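Bear in mind that the values here come from a model prediction, so they are computed numbers and not experimental data.
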Amino acid sequence: MNININKVKIVVTIPLENVEIVRKAICEAGAGIIGNYTHCSMSTKCVGTFKPNEDANPYIGKNNQLEFVEEEKLEVVCNWDKVKTVLLKLREVHPYEEPAIDIIPLLEESLFL
C-alpha cells in the first residue's frame with residue numbers, strides 16, 4: 001500500500017489568556033479547514049509543567065523553578081502545503097519562548113473504505 005500524507009494535526013499548548021489570539025492567527029494562516037468549514041479546532045484544558053534553566057527567558061515563572069500552569073491544548077488539522085506558514089504564524093503570536101508543538105501525520109479516511 002502506498003500512503004501519501006496530505007494533512008497533519010498540529011497540537012500546541014497555550015496559556016489560557018492567549019488561546020484565542022493563537023487560534024485566530026493559525027486559522028487565518030490556513031489551519032483548521034475541514035471540507036466546507038474553516039476555523040475548525042478543538043481545545044482541552046490541561047496543566048503543563050516546565051522548569052526554565054538559567055539561560056531561559058520564561059513568559060511565566062522563574063528560572064530554575066518548576067512551574068505548573070493552566071493551559072489549553074489546541075488541535076487543528078492542516079494541509080501539508082500550509083504547515084510551514086501556520087507554524088511561522090504560531091511561533092510569531094505564541095507567548096512562550098519554546099512552545100510545545102506536535103505535528104502528527106494523518107491518514108486519509110478513504111484508505112479504510
Hydrophobic side-chain clustering at under 4.5 Å (ILVMFWY, transitive links): who's grouped with Y96? Put none if nobody. F50, Y59, I60, V69
Do Y37 and L74 land in one hydrophobic cluster if side-chain heavy atoms of ILVMFWY residues count as linked below 4.5 Å? no
To the nearest 0.5 Å, what is the distance between NZ (K84) and NZ (K89)? 15.0 Å
According to a hydrophobic-cluster definition based on side-chain heavy atoms being under 4.5 Å apart (Ile, Leu, Val, Met, Phe, Trp, Tyr only), do W80 and V12 belong together? yes
Nearest 0.5 Å, please: how far is NZ in K9 from CD1 in I103? 14.0 Å
Taking the side chain as every heavy atom from C-beta outward, state whether N63 and P58 have any pair of such atoms under 4.5 Å apart. yes
Joint hydrophobic cluster, V93 plus V83, side-chain heavy atoms closer than 4.5 Å: yes
Write down the atom of A29, the atom of V86, and the distance for their closest heavy-atom approach. O-CG2, 3.8 Å
Should M42 and I10 be counted in the same cluster of Ile, Leu, Val, Met, Phe, Trp and Tyr side chains packed under 4.5 Å apart? no
Nearest-0.5 Å distance that lies between atom CD1 in I26 and atom NE2 in H39: 10.0 Å
What's the separation between atom OG1 in T85 and atom CG in L90, rounded to the nearest 0.5 Å? 12.5 Å
Shortest non-hydrogen contact from N64 to E54? OD1-OE1, 3.6 Å
Sorted by chain and number, sequence neighbours left out, side-chain contact (heavy atoms from CB on, under 4.5 Å) with V77 holds for I34, L106
With heavy-atom distances below 4.5 Å as the criterion, would you say the side chains of K7 and N79 are in contact? yes
Please say which of L113, N6, N4 ends up in a side-chain contact (heavy atoms from CB on, under 4.5 Å) with E108. N6
Within this structure, what is the OG1-CD distance for the pair T38 and E28, rounded to the nearest 0.5 Å? 9.5 Å
Taking all non-hydrogen atoms of both residues into account, name the closest pair between T13 and C46 and its distance. CG2-SG, 4.3 Å
Which atom of I5 lies closest to which atom of P105, heavy atoms considered: CG2-CB, 3.8 Å
Same hydrophobic cluster for I14 and I21, using side-chain heavy-atom links shorter than 4.5 Å among ILVMFWY? yes
Listed by chain and number, what are the side-chain hydrogen bond (donor to acceptor under 3.5 Å, both in side chains) partners of E20, not counting sequence neighbours? R23
As an exercise, state the distance from CG of D55 to CG of N53, rounded to the nearest 0.5 Å. 5.0 Å
Neighbour count above 12 (heavy atom, 6.0 Å) for E97 CD: yes
Contact summary for E72 and L16, nearest pair of heavy atoms: CG-CD2, 3.5 Å
Does any part of the side chain of I101, heavy atoms only, come nearer than 4.5 Å to the side chain of R91, both counted from C-beta? yes
Between N18 (side chain only) and H94 (backbone N and O only), is there a donor and an acceptor less than 3.5 Å apart? no
